[in-house]
Amino acid sequence: MNEFLTLMKTELALTAIIFFMLIVKISGGMANRKLLPVIHILLLLNFALGFFFNKEGNLFGDMFYTTPLIALQKNILNFGVYLISLLFCDWMKRTPHLPEFVTLMLAALLGMDLMISSANMLIFYLSLELATIPVAAMASFDLDKKRSSEGAMKMILSSAFSSGVLLFGISLLYGTTGTVNLPELSQALNGSALQIMAFVFFFAAFAFKLSVVPFHLWTADVYEGSPFAVTAFLSVISKGAVAFIFITMLYYVFQPMLNIWYMMLVILAIITMVTGNLFALRQQNIKRFLAFSSIAQVGFILVGISSYGTMGVVSTTFFIIVYIFSNLAAFGVASVISEKTGKEKIDDYKGLYQTNPYLTWVMALALFSLAGIPPTAGFFGKLFLLTAGASQADYWFILVAALNMIVSLYYYLKVVRAMFMDKNENPIERLHTSNSVRLGLIICSAGIVLAGLMSWIFDYIKSLS
Amino acid sequence: MPNATIIALIPLLPFAGFVLLGLFGRKYLKNYSGLIGTALLLTSAALAFYTAYDYFFVAGKVNGVYQQLNPMKITWLAFSQNLSIDLGLTIDPISVMMLVVVTLVSLMVHIYSLGYMKGEERFPTYYAYLGLFTFSMLGLVLSSNIFQIYIFWELVGVSSFLLIGFYYNKPSAVAASKKAFIVTRFADLGFLIGILILSNQAGTLDFHQMIATLTSPESNAVKNAAASSFLGASALTWGAALVFMGGAGKSAMFPLHIWLPDAMEGPTPVSALIHAATMVVAGVYLVARMFPVFSITVPAVLEIIAWVGAISAIFAAIIAITQTDIKRVLAYSTMSQIGYMMFALGVSGYGGEAGLGYTASMFHLFTHAMFKALLFLGAGAVIHYVHSNDMQDMGGLRKKMPITHITFLFACLAIAGVPPFAGFFSKEEILLAAYHGNTAIYWIALITSGLTAFYMFRLYFSIFWSRPYGSNSHDHSADHHHGEGGFAMMLPLVILAAGAVFSGLIPFGEFVSSDGKPLESHFHLAFSVAPVALGIAGIVLAWVLYKKQNTIPDKLAASFGSLYKSAYNKFYIDEIYLFVTKKVLFNLIGRPAAWFDKNIVDGMVNLTGNTTVFISEKIKKFQSGKVQLYAIAFLAGVIVLAVLFIYVL
Amino acid sequence: MQPGLYHILFISTALFFIGVFGFFTRKNLINMLMSIELILNSVNLNFIAFNKYVWPGKLDGLFFTIFIIAIAAAETAVAIAIIINLYRNTQSIDVESAEDLKY
Amino acid sequence: MNLLFLIGAPLLTALAVLLARSKQQVRLISLGGAIVQLALSFALLYFFRQEKAAGNASQILFEQNHTLFQALNINFHFGVDGISVAMILLTSFVLIAGVLVSWNVEKMTKEFYFLLILLALGAYGFFISLDLFILFFFLEISVIPKYLLIGIWGSGKKEYAANKLALMLMGGSALILVGILGLYFLGGNSFDMLKLAKTQIPADLQQVLFPLLFVGFGVFTALFPLHTWVPDGHSSAPTAGSMFLAGISMKLGGYGALRVATYLLPEGAKQYADIIIILSAIAILYGAFATMMQKDLKYINAYSSVSHVGFSLLGIGMLTQTAFTGALMQMVSHGVMTALFFAVIGMIYDRTHTRMVADMGGLMKVMPFITTVFFIVGLCSLGLPGLSGFVAEMTVFVGSWENADAFHRIATIAAAMSIVVTAVYILRAIGRTAMGPVTNESHLQLGDANWNEKLAAIILVAGILAIGIAPGWLNDLLQPAAAEIMNRIAGK
Amino acid sequence: MNGSTIIFYLLAAFTLAFGMLAVTARQIFRSAIYLLFTLVGIAGIYFWIDYEFIAAVQIVVYVGGIVVLIIFSVFLTHQAGEKLPKQLLSRKIFGALAAFCGFALVLLQVFQHEFAVVGKDVPSPTVKDIGSKMLGTDHGGYALPFEVISMLLLAAMVGCIVIAMRSRPEEKEPANSK
């Protein structure tokens, strides 16, 4: 098999689907109802393809680099996108621009895949933009809603600003080392003051994409404004992709600056967890709530990343899997409710258990998983992150992280309480969910319950890294 | 060696009664419960008598010394190799004597209650409780291990609680039962700590070994006894004193006596059994059980015991004079008599002639059980008849209740120490022991004996003479259809009266002495003149004052003024206790603790939560919705991090 | 003194922060976009200067610049599309007209 | 015996409950499951004793090891020693009683029983785990069911209480987590307790980790001043919930404090023993005094739990074998006793619809069975011989007294003083509610216990008596395990 | 001071001055024009250091493309002639302060750093070099970025079309057009 075809199989497959979508559009289009199953099948095929022909290799003169682990990470993202296409298909059915939406989403995914595989600053930067600009466009997809446009505007401006800062950092790095090739860059780093500053600029862009405090401020607004599908995509897929490449960057490229980025991660992780939690406490809008909670989650991811070593990679990757299941389940349920009733407030969820027990259980499971309560996978995910973090023996740091879990539990329980315990005169009526959504929710719930106990997943990731 | 099974059956039969009646009494055995209980106890008593016979006359004596036998021992709970709570049976003179007393009195009460408690709704429960009490008391008596005695000690306490509170819908009974339990519990706290100290010093919980260790001059504990460990006293002294505290609580010694008068809220037969004859002497028994330790190793504690006993004796006697509730008079008299036993032990030495006090104390315990149980049962009959406890409602009953009258008179004579009734002999011995041991106590005892005679006959005259019955508006002549009480009630009176009259003739020293060797009792005629004379004087005084209804007592009371008043109010000890519990325990400790918990501890938790929410509210401005401010924050973050890592870290 | 690397770096840095300042203070969304252009241009200048003066052998800096210019175009296009859409919704391109999402 | 049965039985029961069609089915399935679990735990006791009698001297029996996360060295490592066996017995007792007591729960019956059984599952798993990670997993599993039980089926300030409970317990587990992670790295990347018990961890690190673990478990077991979730949580929970909370959940903490914190970090334990003693002595007395002022029966029992559980902690702090045994006995004893106490309170509440002492009176006349049980449990609480409380407390005292210095003695005496205060509040409560005249006429109409309530009460009373009358078997179970812990502390 | 130097300083002053004006002008159209000048100035600097290709791209893409796009959008949003509302003074001060701090920091760092300056005598890259590298797939080739950016432009185009060419909103949502 041609090396080009195997190593870039995901990217090629995605490109093919993108073009298929464009062709569909240009050739006069298909009814969304008919198109959606096709999309599902294509994405599933793409996901299935991700399991085959995984090996290590370079392409395009060291610009593109892949390993089985990277292939797995890409496939995790593929799977996430497949789930999104299932869970939010009610909205997708409604949107007048389905092929375009899918095109943009897959373009962004393509960008992420390339980003994970990049071995060169230029390709990294380009794929980062490829992963961002289409999402900004997607955020604006509720075209006649002001909030959607506002969110998109905030996103595109903020991310443009952040990529300006990123580029400034890269330019300085280039100036001091003379290369944009990552392995060479790693060799050439010497830790001079200018490089540290350049690194901070560079780091800030990652922090921006990951929503690390204080670079997170765009997150909640964009999440709240965007359609559910986009919010989910942003909060799960993009975050996952950035976390993956972030690890690569820190561990392999900026390895000479280990001491600096370790401290930086510690500081930012704590600030991020605390701030995310404090803001999440008082949110009423479910999307905004999940936005801040996901900021807090990022704090935990940073804890995991801060451990320099295999554990960091493995636990983060594992956590992203868990996080995909959990967060998508939460967004999925919220989207069903919002789609059918337009209600997005936590107060509206009062008494939900009386009318929609299954949805409530899925939501509760998702929230428990996010909070890290056993037996959900979130428990394992979070614990492994902390285990990884503890390998540096900064116990107070781990303690702060662990104590933050309490605050987060508090607000997750707030939603649970609303759903299970609070009384409501007119609760949300019994909702009917379509089959795809149901399938998506079932997959997510099963993932939440089983991913932690199926230890081979974790061991498999470990074996790859 | 006596048969272990037989001895074990003595306590177990009443226990079987408890289980049987407790579980099935209400539903299935309602009408037979009294008979079942009585039959079981009869068997038990027979076995006890057999055991006594066996021990004293057949198997107990080896080389002229009564041996302590342990026919059975089961390890119940082993803390470590040496330290274990064993359930065993101890057979020695005092335990056998107590077996007899307890089963006898209990049997009497069982029989008596068949009549007294007839028609009571919770009749089976009553007998179940009686069974439980008898079991516990017998277990206590037979204990071979200091922890075992503590176990039964507590069980006795709880059965006393249950029986005092038997009329549970009477608030006063409930209060009394609570009081009894809590006060004795407080004393038991001391007992428990005492046990811990002693067991730690001796390295064992077994009485036999403990006494052996603690009295042997070689043991470290004894060697260190001179050295003070805490507040100027040695550990051993503290241990022994605290053990005595437990005994004092059960035996209603001053100042832990306050529960006893109130305990009279229970059914009268119960008072006879528990609060006169058996449970209240447990403290005396405990001291006697550990007597070698007290006597040989920690004489200072023995001194305390003597004084506590003496003070209790006279203190209670003074109060008894002023009380009008007949059961309370008897209660205080009990306390006074137990004070006698206590100081008799206190003044006693160990072994030989010096051990006279010990023998005397046990002797008095024995005789007192007879006549005091008799007094209570007699009082019960009276109360049964007039439906009142108050002397004011009585008088002139000698015609209406002849048997009661006679037996009651015998009992009064016995307690007043008039020869040849039982009380005379035992009291005489005590006084003799006190005379040799401690003169001050002797004088106190002498005065007390006079007072005893006075108040007992005050009681006697008030009930049976004073005025013709029915002359008072309080009398409920119409209710007296049941007469003096049936055969069931009269039989015990008669039997006990026989005991009150004749039990003094038993050569007690032959059987019970501090070291097991027989002690010959000498009768000093000259010596008995003073107490008997005082006793007679007391009786005469009472006769003068109370034979006929008159106003002299009131005048006398008025002339004593505050002394009378404070005695009538039991020297305000109850009020002091009330102050301590209500004001100190509840208001000064309990309330602040609850407040602290609600406001400070809880407050801290809530504060943490509220602060979090507060901060969260305060910092919401950062999320201003203005994208430019976001960018400023972004740049500020970059600058701060850069400066931090370039210049600071 | 012959102008060299440091001079250009001064210009680019100054331009960068002029852009930043503009981004912080302009009220008009399109003006903010312009500020972004300034920022990107300053970066371009950096790359070219480094390529020219420090690492002249390779073309990395140059290519970076080319691609940045291309991306700037794409980004601006999307941003303008979004802004115009926002304008349709609010009839204003004042940044303060879009501050509903907050806290 | 295969220990997986102990996890499998509740798991299957829980799943079966979910599948049940009607409320009656739910109840019957739960009861059946509870009976099976009770039988299993008895079987475990039987096999354990037989194995010991056969001369098997190893500390842990029925060990089994299944790899879970190979990469992290996390294993399903199960095994039991005497302590675990005792605790498992306790759990099955409380479970079956809880199931019986909740027979008349009408609101969301299925969910109720599901959560209840989940709680038991967590407890079983916790007690048989030898792997700290798994242990932690099972510990955490029970937090949310508790929250939901209180929040949905509770009464009074239930939401506040549920939140407080969940958050404080979570806080405790956060501390535990850090401690466990520390152990993991210090013990050569292993969560295995047996392995860690053989590792020498530097004393200065023990000093850091011990408080984390001990305080963490202490929150679960109401260590003063972190006990404040106890009164609110217990009193707001539904009857079975309170039974579980006080009867088992608090024991998880005690078990952990001894088996994990003290056993694995002996040097740390020595360092902090004095502080533990002070705190627990305070808890004992302070809890008792605070109880005295309570007016609500559930609060009375909740505060008294603080006081009683203090004995467990005191025993641990005393660091002697007998005291350890006593601490463990107290856990078992208190577990049964407090479950029964709450069950009785629940029965009374179901009838009178009040828990205020002042609103009741003379209930003995109305419901003799319930009040008799109330008496028994009250007497057990105040340490009457023949009932379980006495045995446990005395063992603690005797063990404590083995320390010969004044500090330990004074602490012991202070703790012992609580037995008087306990008598005061128990008798007040009983006196006011059960005795005296009937104050509320409408109470005369009320009935006595139903068959299910009677059965529940009898089962638990049997437990109390089994320990109280013949403590030997329990002692035999616990003492060797305590000796093992003591050996490690003594450095043997 | 030779001619080239003078030109450089002129270019620098030109660029920075118009940059400042671009971000401070009160009229948006003027602002756009100033931006244009700034960009031209930068192109000038590119010329000055002999990077003609980049200079050309700069002029073509920026001046010919982006600025035109911006001006179009200015017209589309009917804002050309109006004066912009004033920004809050506090915001201006804070913005300036933050920007200045950043500027000072970066400048300090950059000037403290010793770059290994090679000198000017290396020949500038020719268009041929650039072209062959651009499509090279071996080491140092830029074929992949080229593909990526084409994808990006495609996506951006699709996005712009969807967003900008939406159906008339007026008849659907009169509520929003206040």
Side-chain angles (χ1 to χ4, degrees), chain C residues 2-11 13-15 17-22 24-28 30-31 33-35 37-38 41 44-45 48-49 52-54 56-59 62-63 65-67 69-74 76-78 80-85 87-91 93-94, chain E residues 5 8 12 15-16 19-20 22-23 28 31-32 35 38-39 42 45-46 49 51 54 57 61 65-66 69-70 73-74 76-77 79 84-85 87 91-92 95-96 98-99 102-103 106-107 110-111 115-118 122 125 129-130 133 142 145 149 152-153 156 159-160 163-164 169 176-178:
Chain C
Q2 181 69 17
L5 176 65
Y6 288 93
H7 296 76
I8 298 179
L9 285 183
F10 176 83
I11 298 173
T13 310
L15 213 51
F17 285 99
I18 287 170
V20 167
F21 171 72
F24 288 170
T25 53
R26 301 319 301 260
K27 290 193 101 165
N28 188 299
I30 295 175
N31 264 334
L33 267 185
M34 296 179 194
S35 308
E37 299 306 334
L38 284 180
N41 266 287
N44 286 347
L45 206 49
I48 293 297
K52 168 82 185 172
Y53 288 102
V54 191
K58 288 184 282 180
L59 297 178
L62 184 116
F63 273 106
T65 308
I66 294 171
F67 284 110
I69 292 172
I71 293 224
T76 311
V78 173
I80 283 175
I82 290 172
I83 288 169
I84 287 175
N85 193 43
Y87 173 74
R88 283 197 202 132
N89 283 333
T90 63
Q91 302 304 318
I93 53 166
D94 199 343
Chain E
T5 312
F8 176 80
T15 310
L16 292 179
M20 274 314 282
V23 298
I28 189 163
S31 191
L35 174 68
T38 315
L39 299 178
I42 290 169
I45 295 175
Y46 293 154
I49 55 173
Y51 272 50
I54 290 295
V57 172
V61 179
I66 296 175
L69 200 60
I70 286 174
S73 65
V74 169
L76 266 176
T77 52
Q79 294 253 341
L84 294 172
Q87 180 56 270
R91 172 75 60 76
K92 273 187 179 165
F103 178 59
V106 174
L107 215 56
V110 166
F111 279 71
F115 288 102
V117 179
V118 179
V122 179
D129 291 342
I130 296 170
K133 282 267 180 185
Y142 284 82
I149 199 130
L152 174 58
L153 290 172
C160 289
I163 296 167
N176 267 345
S177 49
K178 22 180 169 158

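- With respect to chain E, the highest number of heavy-atom pairs below 4.5 Å among C/Ile84, C/Asn41, C/Ile69 belongs to C/Asn41.
- A distance of 9.5 Å separates OH of E/Tyr46 from CG of C/Leu62, quoted to the nearest 0.5 Å.
- For E/Ser73, the parts lying near chain C are the backbone and the side chain together; criterion is any non-hydrogen pair under 4.5 Å.
- Proximity to chain C (any heavy atom under 4.5 Å) is shown, for E/Leu16, by both the backbone and the side chain.
- The residue among E/Leu152, E/Ile149, E/Val110, E/Leu35 with the most heavy atom pairs within less than 4.5 Å of chain C is E/Ile149.
- Heavy-atom distances place both the backbone and the side chain of C/Tyr6 under 4.5 Å from chain E.
- Residue C/Ile80 touches chain E through its side chain alone, counting heavy-atom pairs closer than 4.5 Å.
- Inter-residue side-chain proximity for C/Ile18 and E/Thr38 is flagged as unmet; no heavy-atom pair is nearer than 4.5 Å.
- The most heavy-atom pairs under 4.5 Å with chain E, out of C/Ile71, C/Leu45, C/Val78, C/Ile48, come from C/Ile48.
- Distance check, rounded to the nearest 0.5 Å: CD1 of E/Ile42 to CD1 of C/Ile11 gives 9.0 Å.
- Inter-residue side-chain proximity for C/Phe17 and E/Val106 is flagged as met; some heavy-atom pair is nearer than 4.5 Å.
- The two atoms that bring C/Lys52 and E/Ile49 nearest to each other are NZ-O, 3.3 Å, heavy atoms only.
- Only the side chain of E/Phe8 comes within less than 4.5 Å of a heavy atom in chain C; its backbone stays farther off.
- At a 4.5 Å heavy-atom cutoff, C/Ile83 makes no contact with chain E through either its backbone or its side chain.
- In this structure E/Ser31 satisfies the side-chain hydrogen bond (donor to acceptor under 3.5 Å, both in side chains) test together with C/Asn31, sequence neighbours excluded.
- To the nearest 0.5 Å, atom CD1 of residue C/Ile93 and atom CG of residue E/Leu76 are 10.0 Å apart.
- C/Ala81 approaches E/Cys160 most closely through the heavy-atom pair CB-CA, 3.9 Å.
- Pairing each heavy atom of C/Arg26 with each of E/Ala22, the nearest pair is NH1-O, 2.8 Å.
- Proximity to chain C involves both the backbone and the side chain of E/Ile70, based on heavy atoms less than 4.5 angstrom apart.
- Among C/Val20, C/Ile30, C/Thr76, the residue with the largest count of heavy-atom pairs under 4.5 Å with chain E is C/Ile30.
- With a 4.5 Å cut-off on non-hydrogen atoms, C/Leu5 touches chain E through its side chain but not through its backbone.
- Heavy-atom minimum distance, C/Phe21 versus E/Ala99: CB-CB, 4.0 Å.
- Heavy atoms only, all atoms of each residue included: E/Gly19 and C/Leu38 are closest at O-CD1, 4.0 Å.
- Both the backbone and the side chain of E/Leu69 come within contact range of chain C, each with at least one heavy atom under 4.5 Å from a heavy atom of that chain.
- Considering all non-hydrogen atoms of both residues, C/Arg88 and E/Ile163 come closest at NH1-O, 3.7 Å.
- Contact check for E/Val57 versus C/Thr65: no side-chain heavy atoms found under the 4.5 Å cut-off.
- Rounded to the nearest 0.5 Å, atoms CG (C/Asn44) and CD1 (E/Ile54) are 7.5 Å apart.
- Heavy atoms of E/Phe111 lying under 4.5 Å from chain C belong to its backbone as well as its side chain.
- Between the OG1 atom of E/Thr77 and the CG atom of C/Asn28 there is a distance of 7.0 Å, given to the nearest 0.5 Å.
- Applying the side-chain hydrogen bond (donor to acceptor under 3.5 Å, both in side chains) criterion to E/Tyr142, with sequence neighbours excluded, gives C/Asp60.
- To the nearest 0.5 Å, atom CD of residue C/Glu37 and atom CD1 of residue E/Ile66 are 4.5 Å apart.
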